[in-house]
Chemist: 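The structure that follows is given in the form of structure tokens.
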Amino acid sequence: MRKLLLSIFIICSFLCEAAPGEPMPKTLGQGGAAVASGGIDAVFTNPAALGGDVLFLGSQSYNLSLAGSTFAFAKGSGGVGARILASTSEEWTSTDFLLWAGKSFSIDEHLKAGIGLSGFLSTGANLTGRGAMLDGGLLWQADGIGVGLLWRNLAAIESWESYHGTSRFKPNSQLALGLAWQGESLGAAVDLWPEGGKVRWQAGVSFLVASFQLRLGCDGQVPSLGFSFSAGERMIEYSWRGGLVPVGYLGLKFIL
């Protein structure tokens, strides 16, 4: 029972509490900083940063016998994504499904806005939940510099059911600021957002070594690292995040 409850807590934390959003391998390797990351990496995070024609397939592994698969697709200024996370233990079962869709709109040469809609369904032996959220974002980019603003849960509702009954509540809105810089061989990103009277942060750096891009990051509590290797129109990415529940994330990107 303790393992089940802890697993449900992990699932809910990745869905509802993690900020600024669900990370992809690239952003996870940089401490989770994602608000000002553009392209396919904006799926699950800042919809204003969507762009490009890319297909992403990923596989996640969590401690405590949890595994997940991720699909994301970006076409022009729109994108969709889905993630499923399930228990691999025979003693208990739990499943979490997340679906996301977003669209960006150009305001001028450097500024874009976007909206994203997501929904989740979580099932366990003693607890089930579902919900839907609407997010909004802005992104300004020029000369390798990006400044992003993400407003999560502009509108949101969640419902949870257990043997104690059913409860419904509205998740709190959350505003996050992202800063990013990318040079020829070196890059950096940081996300900042208020929580409980404090300012939390996620930050990381990336740099080229031969044909590899290496990444190092921290979310204010635990470290993360990753790398990517590009082979023509395909890219292999891997990231690892430490802490109480280590996460390994392998992804494949296909340029369309």
Chemist: Mind listing the closest non-hydrogen atom pair of Ile40 and Val54 along with its distance?
Modeler: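 In terms of heavy atoms, the two residues are closest at CD1-O, 3.6 Å.
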Chemist: State the CG-CG distance between Leu57 and Leu250, to the nearest 0.5 angstrom.
Modeler: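 Answer rounded to 0.5 Å: 10.5 Å.
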Chemist: To the nearest 0.5 angstrom, please state how far the CG atom of Leu179 sits from the CH2 atom of Trp140.
Modeler: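 So the CG of Leu179 and the CH2 of Trp140 are separated by 11.0 Å.
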Chemist: Please report the closest heavy-atom contact between Pro25 and Phe56, naming both atoms and the distance.
Modeler: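 For Pro25 and Phe56, the tightest heavy-atom pair comes out as CD-CZ, 3.5 Å.
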Chemist: If you round to the nearest 0.5 Å, how far is OG of Ser122 from CZ of Phe97?
Modeler: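 Between Phe97 CZ and Ser122 OG, I get 12.5 Å after rounding to 0.5 Å.
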Chemist: With no hydrogens and no angle check, do the side chains of Ser228 and Arg215 hold a donor and an acceptor under 3.5 Å apart?
Modeler: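 Ser228 vs Arg215: donor-acceptor pair found between side chains.
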Chemist: Using only atom types and a distance under 3.5 Å, with no angle test, would you say the side chain of Ser106 pairs donor to acceptor with the backbone of Asp108?
Modeler: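 Such a contact is absent between Ser106 side chain and Asp108 backbone.
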Chemist: With clusters defined by side-chain heavy atoms of hydrophobic residues (ILVMFWY) lying less than 4.5 Å apart, directly or transitively, does Leu225 cluster with Val205?
Modeler: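 Looking at the clustering, Leu225 is in the same group as Val205.
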Chemist: Considering only heavy atoms from C-beta outward, does the side chain of Leu175 approach that of Trp193 to under 4.5 Å?
Modeler: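 Side chain of Leu175 against side chain of Trp193, heavy atoms only: no contact under 4.5 Å found.
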Chemist: Taking all non-hydrogen atoms of both residues into account, name the closest pair between Leu192 and Val190 and its distance.
Modeler: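 Closest approach of Leu192 to Val190, heavy atoms only: CD2-CG2, 4.1 Å.
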Chemist: If you round to the nearest 0.5 Å, how far is CZ of Phe120 from CG of Leu98?
Modeler: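 Here the interatomic distance stands at 9.0 Å.
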Chemist: Any side-chain to backbone donor/acceptor pair from Ser94 onto Gly124? Under 3.5 Å, distance only.
Modeler: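 No; zero donor-acceptor contacts below 3.5 Å.
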Chemist: Just checking Lys170: does its NZ atom have more than 12 heavy atoms from other residues, nucleotides or ligands closer to it than 6.0 angstrom?
Modeler: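 Correct, the count exceeds 12.
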Chemist: Step by step, work out the salt bridge (Lys or Arg N to Asp or Glu O under 4.0 Å) result for Arg83 and Asp96.
Modeler: CA-CA 8 Å; Arg83 193 201 69 174; Asp96 158 53; 2.4 Å; yes
Chemist: Any idea which heavy atoms bring Leu150 and Pro47 closest together, and the distance?
Modeler: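 Nearest pair, atom of Leu150 first, then Pro47: CD1-CD, 4.2 Å.
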Chemist: Would you check if Val147 and Leu177 make a side-chain contact, meaning some heavy-atom pair closer than 4.5 Å?
Modeler: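 Yes, at least one pair of side-chain atoms sits under 4.5 Å.
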Chemist: Check whether any side-chain heavy atom of Leu252 lies under 4.5 Å from a side-chain heavy atom of Phe254, and answer yes or no.
Modeler: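 Sidechains of Phe254 and Leu252: in contact.
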Chemist: Can you give the donor-acceptor pairs under 3.5 Å from side chains of residues 26-38 to other protein atoms, not counting sequence neighbours?
Modeler:
{"residue": "Thr27", "atom": "OG1", "partner": "Met24", "partner atom": "N", "Å": "3.0"}
{"residue": "Thr27", "atom": "OG1", "partner": "Met24", "partner atom": "O", "Å": "3.1"}
{"residue": "Gln30", "atom": "OE1", "partner": "Ser206", "partner atom": "OG", "Å": "3.3"}

Chemist: Check whether any side-chain heavy atom of Leu55 sits under 4.5 Å from a side-chain heavy atom of Phe71, and report yes or no.
Modeler: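 Side-chain contact under 4.5 Å: yes.
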Chemist: Within a 6.0 Å radius of atom CH2 on Trp151, are there more than 12 heavy atoms belonging to other residues, nucleotides or ligands?
Modeler: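 Atom CH2 in Trp151 is not packed in, count stays at 12 or less.
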Chemist: Rounded to the nearest 0.5 Å, how far apart are CD1 of Ile107 and CG of Leu138?
Modeler: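 Between atom CD1 of Ile107 and atom CG of Leu138 there are 6.0 Å.
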Chemist: Do you know the tightest heavy-atom contact between Ala42 and Leu50?
Modeler: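 Between these two residues, the closest heavy atoms are CB-N, 3.8 Å.
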Chemist: Hydrogens and angles aside, do Thr45 and Glu22 bring a side-chain donor and acceptor to less than 3.5 Å of each other?
Modeler: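 Looking only at side-chain atoms, Glu22 and Thr45 do not form any donor-acceptor pair under 3.5 Å.
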Chemist: I need the Tyr238 OH to Ser59 OG distance, nearest 0.5 Å.
Modeler: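 The OH atom of Tyr238 sits 10.0 Å away from the OG atom of Ser59.
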Chemist: Run the side-chain hydrogen bond (donor to acceptor under 3.5 Å, both in side chains) check on Ser61 and Tyr249 step by step: do they pass?
Modeler: CA-CA 7 Å; Ser61 61; Tyr249 200 162; over 6 Å; no
Chemist: Counting only N and O atoms by type, is there a donor-acceptor contact under 3.5 Å from the side chain of Asn153 to the main-chain atoms of Asn172?
Modeler: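 Yes.
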Chemist: Do Val43 and Phe73 pass the side chain to side chain contact (heavy atoms under 4.5 Å, CB included) test, and can you show the C-alpha distance, the side-chain angles, and the key distance before you say yes or no?
Modeler: CA-CA 8 Å; Val43 173; Phe73 174 72; over 6 Å; no
Chemist: Which atoms form the tightest heavy-atom contact between Leu186 and Phe207, and what is the distance?
Modeler: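 Answer, listing the atom of Leu186 first, then Phe207: CD1-CB, 3.9 Å.
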Chemist: If only atom types and distance count, is the side chain of Lys253 paired as donor or acceptor with the main-chain N or O of Glu233 below 3.5 Å?
Modeler: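 Between the backbone of Glu233 and the side chain of Lys253 there is no qualifying donor-acceptor contact (under 3.5 Å).
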Chemist: Hey, mind stepping through Arg130 and Glu158 against salt bridge (Lys or Arg N to Asp or Glu O under 4.0 Å) and telling me if it holds?
Modeler: CA-CA 6 Å; Arg130 60 185 61 85; Glu158 292 186 13; over 6 Å; no
Chemist: Using a strict 4.0 Å threshold on nitrogen-to-oxygen distance, state whether Arg241 and Asp219 make a salt bridge.
Modeler: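 So Arg241 pairs with Asp219 through a salt bridge.
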Chemist: Between His110 and Gln141, is there a donor-acceptor pair closer than 3.5 Å when you use the side chain of the first and the backbone of the second?
Modeler: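 Confirmed, His110 side chain pairs with Gln141 backbone.
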Chemist: Side chains of Leu66 and Ser87, heavy atoms from C-beta outward: is any pair under 4.5 Å?
Modeler: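 Leu66 reaches Ser87 side chain to side chain.
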